[in-house]
Protein chains: 2
Amino acid sequence: MPVTIKDVAAAAGVSQSTVSRALSTPDLVNPGTRARVQAVARELGYQPNRAARGLITGRTANLGLIVPDLANPLFAAVVKGVQAAARAADYSVFIADTDEDASTEPGLLRALAKQVDGIVLCSPRSPDAELTEVGADTPVVLMNRQVPGYPAVTVDNADGMRQAVEHLAALGHRRIAYVAGPRSSWSNGQREHGLRVTTGALGVDLVHLGHFPPRFDGGVAAADLALACGATAVVAYNDIVALGLLSRLGARGVAVPDRISVLGCDDIPMSAMTHPALTTVSVPQHEAGRAAVAMLLALLADTGPVTTHRDLPTQLTVRATTGVAPDPEPGTADRSR
Amino acid sequence: MPVTIKDVAAAAGVSQSTVSRALSTPDLVNPGTRARVQAVARELGYQPNRAARGLITGRTANLGLIVPDLANPLFAAVVKGVQAAARAADYSVFIADTDEDASTEPGLLRALAKQVDGIVLCSPRSPDAELTEVGADTPVVLMNRQVPGYPAVTVDNADGMRQAVEHLAALGHRRIAYVAGPRSSWSNGQREHGLRVTTGALGVDLVHLGHFPPRFDGGVAAADLALACGATAVVAYNDIVALGLLSRLGARGVAVPDRISVLGCDDIPMSAMTHPALTTVSVPQHEAGRAAVAMLLALLADTGPVTTHRDLPTQLTVRATTGVAPDPEPGTADRSR
DNA sequence: GTTGGTGCTGAAAAGGATTGCAAGAACTTC
DNA sequence: GAAGTTCTTGCAATCCTTTTCAGCACCAAC
């Protein structure tokens, strides 16, 4: 039988109201009583009943987080960031996983909406309309996705691609292949865009391959195409796909980066552990998780205007899978101009 | 403003009690009224307020899950298993991550205990005493750990090691190294035990290396020791460590499995993707997660006796990192006997 | 000596559901 | 036809907090 506010009130010789105030709005009670009440509460190990509090305040002190796939290390980072920020503000978080299936998103969203004060929706795959429906009654902050009028935290994918292309161009690559991710991925769209712009500006050829599933076997499947299309460098939608590329290239005995350079995106922990270690665009997903929660809490607090969009910088992390472009073989010569 | 039970009652022309019963104990109400009430409830989109229900029933319909590290794909599988089973029973789950730091476990456990009906505690690193303290008021089911008197779901690590050793012995290996994991890991203890028993029975030498941190770099660090100790096969505490071993062996130009065989444990997705693909002991963590929730729910339901221990089978998955033992080099000859 | 604050406290009303109790209706059964 | 069951249903209490409102005491100012 847990200790209630009534027990504390009795033990301290005051009313329940005073106990409640002493603990949640200390300014309103006489310093003497306040100290006594707090001491008694601590001594008895009193913890307010969250259900009772929630019933009257209408708040649950819970947040929701929806990610496409918990097994993807990228989202593990998001989860940790969200958890950290939530815990700091005394919120708990419910986590749900859509298993990369867009059709489960609306249902999960609705189910979660009932029991949380706000939701962080990470990399949703559903069309805009489905998302805005729930956003109407429960505050939702988007991650890795932008929908007009909705608060969002994104990372600057396009700039990451700019850095990647400039890096490759500086190494002499004149023809780059992109292994595209899911059509429904907003990030993929951003990356394609960034690639198009920078390759265009630098006069580098861009070959679009895919779309492929954002998994290891997607990369495996794409490797042969990348090799055949005459590119000397491949940029993958994400690191997992890049790892698949490396695996298949290794199996075919293709030297990386001597014959072909490979570049990933996300910088998951595994990327630093391969041989050769993967050059990749680091995206601050942990930080993005924190930022999303901060934005959500600001929205909930409802005190003044809130920054409703943050775009976090990305950064190229050069490791060992990118190198100087091979000399054009005789016959395939001068592709520039 | 959400629709309450009062709204439904008014719309259906009955009392709140009848609405409550029609939805939660349908047998107690007349089929006619029941149908009408249910229809109205559905039409109005009525969802009982969980806080209000929890206040009176004393139940939260939430479960807690504590894992050492969400970024570890092994625990991602646990999470998915737990989620699936919980959702099926209409429970939501709070997830917490200790970041492999045993000292945060008791605090998290206590914090979680207040807001859930039961907790699944996966691979705890704390000493028994710390764990039993919380177990007193909140039902706790352990995973990958046994504490006398506490319900638990485990996997048969010892038998997995038996399969591993028999496999290696059949390939002609007579000297096996084990790269040990954390001292505080119960699974590690079980694995060591299984190895000792089976190598003893088969007359195979067992070299104990470590303890090493259960990370990629732990494996990297262990590789040179394994090579130097004269073993022709290495069993790693888990797949991540095995991947580290492979990486370092590859960097040193040591042929796997020709010169030395490598065997992991857990069968994380990454293991099938390396070159060569990792031979490993598969542990059914997804299934274990489901089982732990089933046990917890049975405990909560409090209807009759409950199986308080399940031990799930493990299975050797042979891939490409284990092969026939190399011929003993001249001079190092006859090690048997 | 009244009036008007200010500070602190307690009584009581929510908040939305569940559930024990009792009453009325409908049926048996003698 | 009366008494006793069995079904249904509604009333009202209860869960634990927060929060409004009013009251009391005390002090300053006129």
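- Residue Thr4(A) is in sugar-phosphate contact alone, with no base atom involved, counting any heavy-atom pair closer than 4.0 Å across all strands shown.
- Note that the first and last nucleotides of DNA chain C, 5' to 3', having any atom under 4.0 angstrom from a heavy atom of chain A are dC8(C) to dG16(C).
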Legend entry - Worked verdict on Ser92(A) versus Gln115(B) for side-chain hydrogen bond (donor to acceptor under 3.5 Å, both in side chains): CA-CA 9 Å; Ser92(A) 303; Gln115(B) 28 187 328; 3.1 Å; yes

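- A 4.5 Å side-chain heavy-atom check between Ile5(A) and Ser20(A) finds at least one atom pair inside the cut-off.
- Map Arg34(B) and Leu55(B) each onto its nearest nucleotide of DNA chain D; the residue landing nearer the 5' end is Arg34(B).
- In this structure, Leu142(A) CG and Ile66(A) CD1 are separated by 10.5 Å, a value rounded to the nearest 0.5 Å.
- With rounding to whole Å, Lys6(A) atom NZ is found 8 Å from dC16(D) atom P.
- Residue Val14(A) is classed as a sugar-phosphate contact, given heavy-atom separations below 4.0 Å to backbone atoms only.
- Comparing Arg21(B) and Gln16(B) by the nucleotide of DNA chain C whose heavy atom lies nearest to each, the residue mapping closer to the 5' end is Gln16(B).
- Between Thr25(A) and Asn30(B), it is Asn30(B) whose nearest contact on DNA chain D lies nearer the 5' terminus.
- No side-chain heavy atom of Val19(B) sits less than 4.5 Å from a side-chain heavy atom of Lys6(B).
- The end-to-end axis angle of the helix from dG1(C)-dC30(D) to dC30(C)-dG1(D), rounded to 10 degrees and based on five pairs per end, is 50°.
- In this structure, CG of Asn49(A) is placed 12 Å from P of dC15(D), rounded to the nearest angstrom.
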Inset, instruction - Begin with the C-alpha distance, continue with both residues' side-chain angles, and end with the deciding distance and a verdict on side-chain hydrogen bond (donor to acceptor under 3.5 Å, both in side chains) for Asp266(A) and Gln285(A). - result: CA-CA 8 Å; Asp266(A) 288 352; Gln285(A) 290 292 299; over 6 Å; no

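- Heavy-atom neighbours of Arg310(A) CZ from other residues, nucleotides or ligands within 6.0 Å: at or below the threshold of 12.
- Atom CZ of Arg36(A) is surrounded by more than 12 heavy atoms from other residues, nucleotides or ligands within 6.0 Å.
- Nucleotide dG10(D) holds its C1' atom 14 Å from the CG atom of Leu28(B), rounded to whole Å.
- Rounded to whole Å, atom C1' of dC7(D) lies 13 Å from atom CG of Asp27(B).
- A straight line from CD1 of Ile5(B) to C1' of dG10(D) spans 13 Å, rounded to a whole angstrom.
- One can place CZ of Arg53(A) at 8 Å from C1' of dT17(D), the figure rounded to the nearest angstrom.
- With Arg145(A) contributing its side chain and Pro124(A) its backbone, the two residues share a donor-acceptor pair below 3.5 Å.
- The shortest distance between the side-chain N/O atoms of Ser17(B) and the OP1/OP2 oxygens of dG10(D) is not below 4.0 Å.
- Residue contacts for Ser24(A): at a heavy-atom cut-off of 4.0 Å it reaches no nucleic acid atom on any strand shown.
- Exactly one residue among Asn62(A), Thr138(A), Thr60(A) makes a side-chain hydrogen bond (donor to acceptor under 3.5 Å, both in side chains) with Asp117(A). That residue is Thr60(A).
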